[in-house]
Amino acid sequence: MRAQNGKTPIIMSVCNGASVLAASGLLDGRPATTNKMAFQSSTKPGPKVKWIKKAHWVDDSSIVTSSGVSAGIDMTLAVISRLYGDKVGEWLELVTEYDAHRNSAWDPFAKKAGLVK
């Protein structure tokens with residue numbers, strides 16, 4: 001993972017994939033999120049990570065992490081929009097018949113998991 005970090009402009013993780021990034025040290029000192037229903041166990045490999053309890057996804061420029069699987073789709077559309085423009089992201093949402101959540105702070109699962117009030 002660390003070797004790949006220098007070869008790609010963006011690394012993205014979906015759900016508990018942030019645990020692997022955290023264990024590799026790539027998230028040390030950076031904000032990130034992970035699956036809310038498994039938040040406690042998923043964050044253990046990363047004590048130096050700035051874990052965000054309430055976030056659908058976290059875009060820290062070169063590393064982007066998402067909460068659950070559907071958050072990963074929203075994160076992917078957001079990154080595509082960042083790289084190629086909103087019209088491309090909107091087109092992908094349309095052709096995949098997907099109703100994206102475009103606000104990365106939207107996260108009802110943080111409350112459902114008891115992480116926030």
Side-chain angles (χ1 to χ4, degrees):
M1 288 238 168
R2 285 187 286 258
Q4 191 63 26
N5 185 40
K7 296 178 183 176
T8 183
I10 300 174
I11 293 175
M12 298 165 61
S13 74
V14 176
C15 200
N16 299 7
S19 296
V20 177
L21 292 177
S24 75
L26 289 176
L27 294 178
D28 286 356
R30 300 180 85 140
T33 197
T34 187
N35 183 284
K36 300 311 184 293
M37 299 304 140
F39 198 82
Q40 300 306 322
S41 60
S42 294
T43 58
K44 282 185 183 177
K48 296 179 183 176
V49 178
K50 297 176 183 174
W51 292 108
I52 309 297
K53 291 180 179 178
K54 186 177 181 192
H56 202 46
W57 73 88
V58 173
D59 187 336
D60 193 37
S61 187
S62 63
I63 298 183
V64 189
T65 56
S66 72
S67 184
V69 174
S70 63
I73 297 169
D74 293 335
M75 169 192 70
T76 300
L77 288 168
V79 170
I80 289 170
S81 293
R82 172 165 55 102
L83 295 174
Y84 301 104
D86 288 336
K87 289 189 185 234
V88 173
E90 291 166 4
W91 175 80
L92 283 171
E93 185 179 342
L94 180 65
V95 299
T96 59
E97 298 182 13
Y98 183 74
D99 187 17
H101 293 279
R102 298 206 173 263
N103 179 356
S104 64
W106 176 85
D107 186 4
F109 300 100
K111 186 173 182 178
K112 290 177 183 182
L115 299 172
V116 298
K117 294 181 180 185

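On a predicted model such as this, the values are computed, not experimentally measured, just so you know. Positions are given from 1, in the same order as the sequence printed here.
Taking CG from L92 and NZ from K87, the interatomic distance works out to 14.5 Å, rounded to the nearest 0.5 Å. The line from OG of S13 to CE of M1 is 8.5 Å long, rounded to the nearest 0.5 Å. To the nearest 0.5 angstrom, I10 atom CD1 is 12.0 Å from N5 atom CG.
For the pair T43 (side chain) and Q40 (backbone), a donor-acceptor distance under 3.5 Å is present. In this structure, K36 contributes its side chain and T34 its backbone to a donor-acceptor pair below 3.5 Å.
Between D60 and K50, every side-chain heavy-atom pair lies at or beyond the 4.5 Å cut-off. A 4.5 Å side-chain heavy-atom check between F39 and S67 finds every atom pair outside the cut-off. Two residues are said to be in side-chain contact when any heavy atoms from C-beta on lie closer than 4.5 Å; D99 and E93 meet this criterion. For the pair K54 and K111, the minimum side-chain heavy-atom distance is 4.5 Å or more. Y98 places a side-chain heavy atom less than 4.5 Å from the side chain of D74. V64 has its side chain within reach of R82: a pair of non-hydrogen atoms, C-beta onward, lies under 4.5 Å apart. Side-chain contact between I52 and D107 is absent, with no heavy-atom pair separated by less than 4.5 Å.
Between L26 and I63, the shortest heavy-atom distance links the atoms O-CD1, 3.5 Å. Across every non-hydrogen atom of A32 and T65, the tightest pair is CA-OG1, 3.3 Å. In plain terms, the two heavy atoms of P45 and S19 that are nearest each other are CB-O, 3.8 Å. When all heavy atoms of V14 and S66 are compared, the closest pair comes out as CA-OG, 3.3 Å. The heavy-atom pair separating W57 from A71 by the smallest distance is CE3-O, 4.5 Å. Contact detail for A22 and W51: the closest heavy-atom pair is CB-CZ2, 3.8 Å.
M75 and I11 fall into different hydrophobic clusters, where Ile, Leu, Val, Met, Phe, Trp and Tyr residues are linked whenever their side-chain heavy atoms come under 4.5 Å apart, directly or through other members. Both V95 and L77 are members of a single hydrophobic cluster when ILVMFWY side chains are connected at heavy-atom separations under 4.5 Å.
Side-chain contact, R30 with S61: no donor N or O sits under 3.5 Å from an acceptor N or O.
Counting heavy atoms of neighbouring residues, nucleotides and ligands inside a 6.0 Å radius, atom OH of Y84 does not exceed 12 of them.
Applying the side chain to side chain contact (heavy atoms under 4.5 Å, CB included) test between L27 and each of V20, V49, V58 identifies V49 as the sole match.
Partners of W106 under the ring-ring contact (aromatic ring centres under 6.0 Å, His included) rule, at least two apart in sequence or in another chain, are H56, H101.
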